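Below, chain A is the first sequence line, B the second, and so on; all start at residue 1. Only heavy atoms go into these numbers, but all of them, side chains included; no hydrogens, no water, no symmetry mates. Quick caveat: nothing in here was measured; it's all calculated off a predicted structure.
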Number of protein chains: 2
Amino acid sequence: MSDTHPSSPSLSAAPLRLAVDCMGGDHGPAVTLPACRAFLAAHPSVELLLVGRPEALAAAAGWPRCHIVAASEVVTMDDPIEVALRRKKDSSMRVAINQLKAGKDGSPAQAQACVSAGNTGALMAVAKYLLKTLDGIDRPAIATVMPNQLGGFTTVLDLGANVDCGPEHLLQFAVMGSALVSAVDGKDEPSVGLLNIGEEMIKGNETIKRAGELLREAAAHDQLNFHGNVEGNDIFKGTTDIVVCDGFVGNVALKTAEGLASMISSFIKTEFTRTWWTKLIALLAMPVLQRFKHRVDHRRFNGAALLGLRGLVFKSHGSADAFAFEQALNRAYDAARNRLLDRVHDRIVATLQALPSANEEGGDVGDTAATTAHAA
Amino acid sequence: MSDTHPSSPSLSAAPLRLAVDCMGGDHGPAVTLPACRAFLAAHPSVELLLVGRPEALAAAAGWPRCHIVAASEVVTMDDPIEVALRRKKDSSMRVAINQLKAGKDGSPAQAQACVSAGNTGALMAVAKYLLKTLDGIDRPAIATVMPNQLGGFTTVLDLGANVDCGPEHLLQFAVMGSALVSAVDGKDEPSVGLLNIGEEMIKGNETIKRAGELLREAAAHDQLNFHGNVEGNDIFKGTTDIVVCDGFVGNVALKTAEGLASMISSFIKTEFTRTWWTKLIALLAMPVLQRFKHRVDHRRFNGAALLGLRGLVFKSHGSADAFAFEQALNRAYDAARNRLLDRVHDRIVATLQALPSANEEGGDVGDTAATTAHAA
């Protein structure tokens, strides 16, 4: 999605810099380095900070516009949050995120966005600990895009950073999601749907009903383009640009979709490899099947945004290949050059000014380990 | 799935009778009557009570093993629950469900199971009002099956009858789901997974954590075959026979899957009809595509069970065609001849005796309109 909105406001002349956790994910540098190389070739003015064990990143030593930042430890995909947070203080994940912080002497941050394929729970916890949340945001959220029937994509959040969300959190997700889509996808007033189990206003639980009221109120104050309730199938129909939900529900929806896609792909394979005749047909149909595959290729949509932090952190799928990881870099780049951080901040401030009541309900501002869960 | 378990215990010599709401669904008698006729031909000993406007059912007047039961009104797909419940007292839906009730004089019920394609909310409300719930069941649940990668299917409940479920409700769903799968699918100890957003026990919200404890306790008392936590993708992987979840989450998962399946099917169609060459390939590939389609054909899985009531009610998809409606009749028939009602009752009683604590938490026994929502 990079470079599709040349008219969007960009950063000033100073070169934009991304920090990359090169050790994270299932494959580490074997995937992240080729992705970085391809990304650098496609974006002649961007600089990268490659974070990790110098010996593992030796191949990149001579690359232009690249700086290797040493980090001696690696957060594994199985590491509990506590290990990432309290023990591995020199992990590539942590050092990469730290590049987003301004110096204590007032010097500017080393990078404008960070990308990691490391485990989601650890990434969110470390990012939250190091960066803190923006004013007006109780809980950061994870947002990703899914392809839809219109040929575009739908942004869904939250995907598992928060369970047991209150109405005011869902409002914050809606505002942050709107900032994301307007920044990265260039849509000025993206439409927002509230995930529910029926389109009628009466449906859903009490949290959803109250969230619906808040979202309507925000829309009445021109803070949101609220469409109303949507259902699970609307994600793929493309009914709205953004679908907002509790992290538990969003994570189940995402994983259910992944499971179904995987089953369907395995069924297609089974049927096309059943006999020599079906294999022959598969050969003939290959261009058609490839085009179909491209449409639903989740690698194209890789790169989830961690929204609501004082820094832009993007999460790549742990099993991403180089092509997929490059898409996550593209998304982080688009977010940074279109000033996503400022946009989220400005939108939240404006919404809270327009709806002062929306924040009063947020009694649960400080997240505790008990109320925050993380997607694997 | 009918007739696949000839060794299962069946009802005694008296002919089994199903009540069919012939007017429900998008198509009414145009679909229900051909389905009934095919079902009768396949099951030479079953009797049907065809409920609806006699003039609309005139075609079935001379059919053997059929009785037409007059009902002057029809609950439409858009009728609010209140209309179905309080105004249309002579609806085909209501009259059909009433066939499951024993007479006040002690005479046996006219039918052992009922099938309707009418709107879910109305069907659940009317069924609950007329039949009441079984002892030990706070809230009835809706259970359906989805195909899985193993070539079998996974039973998922609840699908939208209840939002804001407590831990004890999830336990009841697990017990009822186990009774359903053992009755209809002939599996003695079907495995149960608790839908969560991570496999580790620590994940999920407080309700899910407590539900996990209850399910483990029930398993320790040999009341359940509890597998542990599962994630959305496990539904289609076939990790467990049964997946238990809150109705809000289950409804979102089901509809998300429907939406994705619909998008994929539309993409396949688009790609195969793009040019005359791809159309030719589609012709050649037709047998392969048909076999694939059969695997994921949701019509084969039509017929959701309303569990926990004092009567067996099955819900067909509103848009079902005759083939799909016949599958719902088959599922109702299998449930009735394998004494699903007794099995649910016996299992619930046994579980509550083994885990007396499980019911004490259920402070929310009487459902109110506010806590009960219904899938469309």
Side-chain angles (χ1 to χ4, degrees), chain A residues 121 147-149 160 163-164 195-200 202-208 231-237 245 247-249 251-264 266-268 270-272 274 278 281-282 284-285 287-289 291-292 295-296 370-371 373-376, chain B residues 121 147-149 160 163-164 195-200 202-208 231-237 245 247-249 251-264 266-268 270-272 274 278 281-282 284-285 287-289 291-292 295-296 370-371 373-376:
Chain A
N148 66 36
Q149 201 150 350
V163 295
D164 292 328
L195 192 57
N196 203 339
I197 64 171
E199 283 171 23
E200 303 83 6
I202 192 128
K203 293 202 170 175
N205 55 30
E206 291 307 315
T207 301
I208 295 289
E231 300 187 71
N233 51 338
D234 288 302
I235 296 172
F236 296 102
K237 264 193 193 167
C245 56
F248 191 96
V249 174
N251 191 274
V252 167
L254 175 72
K255 294 212 170 133
T256 300
E258 284 178 0
L260 177 57
S262 160
M263 182 184 82
I264 286 178
S266 119
F267 283 173
I268 291 180
T270 302
E271 290 305 339
F272 271 108
R274 180 177 292 277
T278 60
I281 292 169
L284 279 170
V288 185
L289 294 174
R291 287 183 70 107
F292 162 69
R295 280 179 179 262
V296 289
T371 59
H374 296 279
Chain B
N148 66 36
Q149 202 151 347
V163 294
D164 292 328
L195 193 58
N196 203 339
I197 65 170
E199 283 172 20
E200 304 82 7
I202 193 126
K203 294 201 170 174
N205 56 29
E206 292 307 314
T207 301
I208 296 288
E231 299 187 71
N233 51 340
D234 289 302
I235 296 172
F236 296 103
K237 265 193 193 167
C245 57
F248 190 95
V249 174
N251 192 275
V252 167
L254 175 73
K255 293 210 171 132
T256 299
E258 283 178 0
L260 177 57
S262 160
M263 181 184 82
I264 286 178
S266 119
F267 283 173
I268 291 180
T270 304
E271 290 305 339
F272 272 108
R274 180 176 292 278
T278 61
I281 291 169
L284 279 169
V288 184
L289 294 174
R291 288 184 68 107
F292 163 69
R295 279 179 179 263
V296 290
T371 59
H374 296 277

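Closest approach of A/Ala257 and B/Thr256 over heavy atoms only: CB-CG2, 4.3 Å. Minimum heavy-atom separation, B/Arg295 to A/Thr270: NH2-CG2, 3.5 Å.
If you tally non-hydrogen atom pairs under 4.5 Å between each of B/Glu258, B/Met263, B/Arg274 and chain A, the highest count goes to B/Met263. Contact count against chain A (heavy-atom pairs under 4.5 Å) is highest for B/Gly232 among B/Gly232, B/Pro147, B/Ala261, B/Gly259. Between chain A and the options B/Leu289, B/Thr278, B/Ile264, heavy-atom pairs under 4.5 Å are most frequent for B/Ile264. Per-residue counts of heavy-atom pairs under 4.5 Å with chain B were compared for A/Ile268, A/Leu254, A/Ile235, A/Thr207; the largest is that of A/Ile268. No other option in B/Val252, B/Ile281, B/Val288 has as many heavy-atom pairs under 4.5 Å with chain A as B/Val288.
Both the backbone and the side chain of A/Ser262 come within less than 4.5 Å of a heavy atom in chain B. When heavy atoms are compared at a cutoff of 4.5 Å, A/Leu284 approaches chain B by way of both its backbone and its side chain.
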Verdict with supporting geometry, A/Glu231 and B/Asn251, side chain to side chain contact (heavy atoms under 4.5 Å, CB included): CA-CA 9 Å; A/Glu231 300 187 71; B/Asn251 192 275; 4.3 Å; yes

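Between A/Asn196 and B/Phe248 the shortest side-chain heavy-atom distance falls below 4.5 Å.
With rounding to the nearest 0.5 Å, the separation of NZ in B/Lys237 from CG in A/Leu260 is 14.0 Å.
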